[in-house]
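None of the values given here were measured: they were computed from a predicted structure. Values below: all heavy atoms of this structure, side chains included; hydrogens, waters and symmetry mates excluded.
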Amino acid sequence: MMVEECCACGVFVMLDELSLNFAKEAFDASRGTVAVWLQGFLGLWLAVFFVRMIVEGNAKWQDALWRLAGCLVAFLFLNSGTLWMDWVVFPVRDATVSVGVKIATVSGGAVGNNFEELIAQVEKEIFAVQELAEAAKQSASIFDAVSINIAALIILIPFMMAWALFIGFLLEAIFKFVAITAIAPFVVAAAVFPITRGFAKDSIRVFLSGATGILFMGAAMGFTISVMQEYVGGFVGSPLKPQPDLSQFFFSPEYWQLFAVGFLSVLFHLAARQMATAVAGVADSQVVSQALLAGSAAGASVGGRAARAAGLKANAGLGAGASAVANRVTKGAWGGPAALQE
């Protein structure tokens, strides 16, 4: 399958180009404002630094020099979005896609080093079963041809799910690149000062999770392609030639084994996404939400028990206080003022 025959390549490439243009425009829209803020924070930090140096005498010139150097680098990035795109986005993106192509097509030979070539090669391998069905129908009867079509559609279901996950997770990786590039001026400025450096580190982790996602998706799809070639590679050639025994593959034990492997591929793609976020140090959203729900439930349970215990103690204290006041009043009524002074 050539790139021009790729079903998803056109839409994917269009979304990729639009996302990159949007990210650069968003970067340019905010970089001027962030640069002004950075100048203000730098001036405030230098004022505090000189006050500490005069009053306490424990300020170090090395700290000021490192801070000024960091601000200089930040101002270079804020001067133009091209620097961020050329030094950060494109090197990471192109390198991971190139490696992802090689991993995904390790059984069939790597082609290209961009998203378009990667998706085209994956589609070629995924739809090999359909090519096998087309070849088998050339020497089959009408009834057998219908049966072969049905069998081809059935076995394509899990592999189409894996292919959809593959495309979806690649789009997720692109969105991570876009999102971090859009807020990159804030990330660059936040990296200068220790109090805001955590925001910059978390943003870089999200950016790297997009890169690792491409690599892990390539590994999951590479395994899928390798297994498919093991089962149908002996039947599919280029060009395909009708053979009498091609139809014997459909509904055979090997057919159902490949069908099961398709659902395993779906599982591997889901696991690959979790591994990619874990390697990059980004908590998966499902894990976070489950942790928050568990924490809320535990907090509500503990808080409820504590509130009930506090309420019982308060009731006991109020009861004892009321009894003491009543006793004092009774003594005053029957014993006079002298009784109240006891």
Side-chain angles (χ1 to χ4, degrees), residues 16-96 172-214 276-285 287-289 291-292 295:
D16 186 28
E17 293 177 353
L18 290 176
S19 64
L20 289 176
N21 292 333
F22 166 78
K24 192 175 183 304
E25 291 175 0
F27 185 102
D28 292 335
S30 60
R31 62 184 176 87
T33 303
V34 175
V36 174
W37 292 354
L38 182 58
Q39 292 175 3
F41 282 119
L42 178 61
L44 180 62
W45 186 90
L46 289 174
V48 174
F49 175 82
F50 284 115
V51 169
R52 284 179 53 201
M53 185 177 63
I54 295 173
V55 176
E56 300 178 2
N58 59 355
K60 298 180 180 180
W61 282 104
Q62 294 87 340
D63 294 341
L65 292 177
W66 279 112
R67 195 75 66 232
L68 291 174
C71 286
L72 178 61
V73 174
F75 284 128
L76 288 176
F77 276 102
L78 294 174
N79 187 51
S80 173
T82 304
L83 196 61
W84 174 271
M85 301 296 290
D86 293 342
W87 285 25
V88 179
V89 177
F90 289 135
V92 174
R93 185 173 173 274
D94 294 344
T96 53
E172 180 187 25
I174 288 179
F175 176 73
K176 289 178 179 179
F177 292 151
V178 171
I180 300 305
T181 300
I183 64 170
F186 300 93
V187 175
V188 171
V192 177
F193 301 98
I195 192 172
T196 57
R197 198 164 293 159
F199 171 77
K201 290 181 179 179
D202 291 340
S203 300
I204 295 301
R205 289 193 185 100
V206 173
F207 185 86
L208 292 178
S209 70
T212 56
I214 295 174
T277 55
V279 168
V282 180
D284 187 75
S285 59
V287 176
V288 172
S289 61
L292 289 174

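With sequence neighbours excluded, the residues satisfying salt bridge (Lys or Arg N to Asp or Glu O under 4.0 Å) with D28 are K24, R31. In terms of the side chain to side chain contact (heavy atoms under 4.5 Å, CB included) criterion, residue partners of L76 (sequence neighbours excluded) are, by chain and number, L83. Listed by chain and number, the residues in a side chain to side chain contact (heavy atoms under 4.5 Å, CB included) with V188 are A74, F77, W84 (sequence neighbours excluded).
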Please walk me through it: do S30 and T33 pass side-chain contact (heavy atoms from CB on, under 4.5 Å)?
CA-CA 5 Å; S30 60; T33 303; 5.6 Å; no
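In terms of heavy atoms, L78 sits closest to A35 at CD1-CA, 3.8 Å. The heavy-atom pair separating L42 from F193 by the smallest distance is N-CZ, 3.9 Å. When all heavy atoms of K176 and V206 are compared, the closest pair comes out as CD-O, 3.7 Å. Minimum interatomic distance between G210 and F177 (heavy atoms only, all atoms of both residues): C-CZ, 3.9 Å. Here the closest heavy-atom approach between residue A211 and residue T96 is recorded as CB-CG2, 3.5 Å.
Shown here is F175, whose CZ atom has no more than 12 heavy atoms of other residues, nucleotides or ligands within 6.0 Å. Shown here is L65, whose CG atom has more than 12 heavy atoms of other residues, nucleotides or ligands within 6.0 Å.
Between W61 and F50, the ring planes are perpendicular. Angles over 60° get that label, and only those under 30° would be called parallel.
How far CD1 of I180 is from CZ of R205: 12.0 Å, rounded to the nearest 0.5 Å. In this structure, CZ on F207 lies 5.5 Å from OG1 on T181, to the nearest 0.5 angstrom.
Taking the six-membered ring wherever Trp is involved, the centroid distance between the rings of F49 and W45 falls below 6.0 Å.
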